[in-house]
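Report on the structure given below.
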Amino acid sequence: MLRFVIALPLIGHGLAHISGVLAAWTSFDVGFQDSPWIFTSGVRLSGGIGRVFGLIWLLALIALAGSGVGLILRQAWWPNLALLGSVLSLVAIVPWWKSVPPGAKVGAASDVLLVIVLATPVRETLLD
């Protein structure tokens with residue numbers, strides 16, 4: 001049962017990354033603002049750099065959702081994939097902090113928590 005309590009939020013968090021993909025690659029309104037990224041005012045999510053980040057969002061989606069599925073299927077690799085997905089998620093979100101919707105900021109907080117749990121000795125305590 002605990003597997004599902006952890007896996008379902010991982011899958012949901014992964015699927016939520018579709019908004020970053022859609023924001024970068026389509027004109028759908030998914031809650032992102034037309035604000036520049038944190039480095040310079042000339043770069044927008046709809047531009048070339050933004051589309052590269054859209055691909056990073058897609059990779060985070062695949063990694064996080066895949067890690068949840070891996071956990072359900074009792075695969076030993078799921079924590080490593082979850083860690084990779086969380087890092088990719090942070091890489092995708094942080095530069096666009098002024099543009100992302102509030103839910104993405106909550107997602108970033110969960111990414112930080114996952115990185116702390118999965119990249120420190122806490123991992124062994126919780127996953128044993």
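Bear in mind that the values here come from a model prediction, so they are computed numbers and not experimental data. Just the heavy atoms: all of them, side chains too, but no hydrogens, waters or symmetry mates, feed the values below.
- Of all heavy-atom pairs between Phe32 and Gly20, the closest is CZ-CA, 3.7 Å.
- Of all heavy-atom pairs spanning Ile38 and Lys98, the tightest one is CA-CE, 4.3 Å.
- Nearest heavy-atom pair, Gly31 versus Asp29, reported as atom, atom and distance to 0.1 Å: N-OD1, 3.2 Å.
- With sequence neighbours left out, Trp97 forms a side-chain hydrogen bond (donor to acceptor under 3.5 Å, both in side chains) with no residue at all.
- To the nearest 0.5 Å, the span separating CH2 on Trp57 from OG on Ser19 amounts to 7.5 Å.
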Next item on the list: Would you sort out whether Leu83 and Val115 count as a side chain to side chain contact (heavy atoms under 4.5 Å, CB included), showing the intermediate values?
Entry: CA-CA 6 Å; Leu83 179 60; Val115 168; 4.1 Å; yes
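- In the hydrophobic cluster analysis, where Ile, Leu, Val, Met, Phe, Trp and Tyr join through side-chain heavy atoms closer than 4.5 angstrom, Val87 is grouped together with Ile116.
- Under the side chain to side chain contact (heavy atoms under 4.5 Å, CB included) criterion, Ser110 pairs with His13, sequence neighbours left out.
- Considering all non-hydrogen atoms of both residues, Gly85 and Ala60 come closest at O-CB, 3.8 Å.
- Between Leu81 and Gly66 the shortest heavy-atom distance is CD2-C, 3.7 Å.
- Residues Trp96 and Val43 meet the side-chain proximity criterion, which asks for heavy atoms closer than 4.5 Å.
- For Arg51, the side chain to side chain contact (heavy atoms under 4.5 Å, CB included) partners at least two apart in sequence or on another chain are Trp25.
- With sequence neighbours excluded, the residues satisfying side chain to side chain contact (heavy atoms under 4.5 Å, CB included) with Ile62 are Leu58.
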Residues 68-77, side-chain donor-acceptor partners within the protein, below 3.5 Å, at least two apart:
| residue | atom | partner | partner atom | Å |
| --- | --- | --- | --- | --- |
| Gln75 | OE1 | Trp77 | NE1 | 3.3 |
| Gln75 | NE2 | Leu73 | O | 3.2 |

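- Nearest heavy atoms, Leu61 versus Gly14: CG-O, 3.1 Å.
- Tested against Ile56 for a side-chain contact (heavy atoms from CB on, under 4.5 Å), the candidates Ile93, Val21, Leu90, Val91 yield a single pass: Val91.
- Once rounded to the nearest 0.5 Å, the distance linking CD1 of Ile11 with CG of Leu64 reads 10.5 Å.
- Residues Leu55 and Leu84 fall within the same hydrophobic cluster, defined by Ile, Leu, Val, Met, Phe, Trp and Tyr side chains chained together at heavy-atom separations under 4.5 Å.
- With sequence neighbours excluded, the residues that form a side-chain hydrogen bond (donor to acceptor under 3.5 Å, both in side chains) with Ser89 are His17, Asp111.
- The side chain to side chain contact (heavy atoms under 4.5 Å, CB included) check on Ala82 picks up Leu10, Ser67, Trp78, Leu118, with sequence neighbours excluded.
- Hydrophobic clustering (side-chain heavy atoms under 4.5 Å, transitive across Ile, Leu, Val, Met, Phe, Trp, Tyr) keeps Val52 apart from Ile18.
- Criterion: ILVMFWY side-chain heavy atoms under 4.5 Å apart, direct or through other members. Under it, Val117 and Val112 are part of a common hydrophobic cluster.
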